[in-house]
Number of protein chains: 2
Amino acid sequence: MSRQRAAVAAELAREDAFRSAQDIHASLRTGGHRIGLTTVYRALQGLVESAEIDVLRTDDGEATYRACSAGHHHHLVCRRCGVTVEVAGRAVESWAERVAQAHNFVDVEHTVEVFGTCRTCASGD
Amino acid sequence: MSRQRAAVAAELAREDAFRSAQDIHASLRTGGHRIGLTTVYRALQGLVESAEIDVLRTDDGEATYRACSAGHHHHLVCRRCGVTVEVAGRAVESWAERVAQAHNFVDVEHTVEVFGTCRTCASGD
DNA sequence: ATGGGAATGAAAACGGTTGTCGTTTGCGTG
DNA sequence: CACGCAAACGACAACCGTTTTCATTCCCAT
């Protein structure tokens, strides 16, 4: 792994939240790193492909990234501060499977995201 | 509702699938309608706001739209032809609620999409 | 008919993302 | 310690879906 890609991964590891490419780029720059936006995008692409991070599209189409543990899981995301918790959902997995079968769909995948306002953001209102 | 907006709604009603704004625009034009892309976007915005249609972001950030029945529901989407089935998921609703509560998140929403290949597309392989 | 506000759409602006291409870096080899 | 080569880098331009602008057209109550 190149130094730049490591820097991107490290920056993502600093915080359990979904962050945009541009945000990450700005943070790295502010932190003294000399890195181009293009490189950040490339690093993120690579990290996504190697399943080291997860991507999530915001409502306005911007891609956001988060360092994630391996394996299938979902996210509980604070719509205010972006902080996330990884959650498992055996119930959801089997539900999706059942629904797909009932309609003769094969090769099934699913995306599940739960949005809310975290304790901290809610109290600091 | 203006004539153009009605045309967009009608075009969406023709097919139970998520379709992009540009796709809808092209179909309308091909069908003899004289309508601008801007107007299609505006009509879609309006229909989304009045909850007459659902929006879904594709993996590459493009917005797609579908005529939908009112009320909370999810979709089973064919990744090949885009056809969708509306599905309910009481199990998912309560699961999301439980997960959020467990982590002290409030004001909870969730998105669930199930992707697969529909019978027709799978057999016509 | 007529005045005015809403709707329309061509074209330009926008913003995130990706492609281009010349330069730099890292590293194994002679 | 050069040398050379391939991969990585990054400034910049191109892309593309979407939104804004603004001049024109349409609709309708008066």
Side-chain angles (χ1 to χ4, degrees), chain A residues 1-13 15 17-67 77 79 82 111 113, chain B residues 1-12 15 17-67 77 79 82 84 111 113:
Chain A
M1 182 183 308
S2 77
R3 182 173 316 143
Q4 316 287 53
R5 179 161 163 179
V8 170
E11 177 63 27
L12 271 176
E15 203 178 339
F18 277 96
R19 305 176 57 195
S20 73
Q22 319 232 12
D23 176 26
I24 293 163
H25 178 237
S27 282
L28 287 173
R29 279 297 185 84
T30 302
H33 270 276
R34 216 179 306 289
I35 188 172
L37 183 54
T38 310
T39 303
V40 172
Y41 274 108
R42 269 195 294 247
L44 289 170
Q45 266 176 228
L47 291 166
V48 167
E49 267 160 36
S50 57
E52 291 169 70
I53 63 177
D54 284 357
V55 211
L56 186 58
R57 290 269 172 188
T58 63
D59 279 347
D60 57 325
E62 195 177 16
T64 55
Y65 305 85
R66 181 195 194 277
V77 186
R79 64 166 68 82
T111 69
E113 309 294 339
Chain B
M1 181 180 309
S2 76
R3 182 174 315 142
Q4 314 287 54
R5 180 162 163 179
V8 170
E11 177 63 28
L12 271 176
E15 203 179 338
F18 277 96
R19 305 177 57 195
S20 72
Q22 320 232 11
D23 176 26
I24 294 163
H25 178 236
S27 282
L28 287 172
R29 279 296 185 84
T30 303
H33 270 276
R34 215 181 307 289
I35 187 172
L37 183 55
T38 309
T39 303
V40 172
Y41 274 109
R42 271 196 290 248
L44 289 170
Q45 266 175 228
L47 291 166
V48 167
E49 268 159 37
S50 57
E52 291 169 71
I53 63 177
D54 284 357
V55 210
L56 187 58
R57 289 270 171 188
T58 64
D59 279 347
D60 58 325
E62 196 177 15
T64 54
Y65 305 85
R66 181 195 193 277
V77 186
R79 64 166 68 81
T84 63
T111 68
E113 308 295 339

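Scope of the values below: all heavy atoms of this structure, side chains included, with no hydrogens, waters or symmetry mates. So you know, we letter chains A, B, ... as the sequences are listed, proteins then strands, and number each from 1. Quantities reported herein were computed from a predicted structural model and do not represent experimental measurements.
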Measure CD1/Ile35(B) against P/dC26(D) and give the value in whole Å, please. 15 Å
Among the nucleotides dG17(D), dA11(D), dT19(D), which one has an atom lying closest to any side-chain atom of Thr38(A)? dA11(D)
Backbone N/O of Ile35(A) and side chain of Thr39(A): donor-acceptor pair under 3.5 Å: no
CZ (Phe18(B)) and CG (Asp23(B)) are apart, to the nearest 0.5 Å, by 13.5 Å
Looking at Glu52(B) and Arg5(B), is any side-chain nitrogen of the basic one under 4.0 Å from a carboxylate oxygen of the acidic one? yes
Tell me whether the side-chain N/O atoms of Gln4(A) come closer than 4.0 Å to OP1 or OP2 in dG10(D). yes
Would you check, one step at a time, whether the test salt bridge (Lys or Arg N to Asp or Glu O under 4.0 Å) holds for Arg66(B) with Glu15(B)? CA-CA 8 Å; Arg66(B) 181 195 193 277; Glu15(B) 203 179 338; over 6 Å; no
Under a 3.5 Å distance rule, please check whether Thr64(A) uses its side chain to pair with a backbone N or O of Leu56(A) as donor and acceptor. yes
Given side chains that start at C-beta, do those of Arg19(A) and Ser27(A) come closer than 4.5 Å, heavy atoms only? yes
Whole-Å distance, His25(B) NE2 to dT18(D) P, equals 13 Å
On DNA chain D, nearest-nucleotide positions of Thr64(B) versus Arg42(B): which is more 5'? Thr64(B)
Within the structure shown, what part of the strands sits under 4.0 Å from Arg3(A) by heavy-atom distance: base, sugar-phosphate, or nothing? sugar-phosphate
No-H, no-angle donor-acceptor pair, Ser2(A) side chain to dC9(D) base, under 3.5 Å: no
Can you check the Gln45(B) CD to dG17(D) P distance for me, whole Å? 17 Å
Just the rounded figure in Å: distance from C1' of dG10(D) to CZ of Arg5(A). 18 Å
In this structure, how many angstroms lie between the P atom of dG17(D) and the CG atom of Leu44(B), rounded? 15 Å
Using the heavy-atom set of chain B and a strict 4.0 Å cut-off, write down the first and last nucleotide of DNA chain C that makes it in, 5' to 3'. dA7(C) to dA11(C)
If you define the side chain from C-beta out and look only at heavy atoms, does anything of Tyr65(A) sit under 4.5 Å from Leu47(A)? no
For Asp59(A) and dT19(D), what is the distance between atoms CG and P respectively, to the nearest whole Å? 12 Å
Between Tyr41(B) and dT18(D), does any side-chain N or O lie under 4.0 Å from OP1 or OP2? yes
Nearest-Å distance for atom pair CZ/P, residues Arg57(B) and dG17(D): 12 Å
What is the distance, rounded to the nearest whole Å, between atom CD of Glu49(B) and atom P of dT19(D)? 11 Å
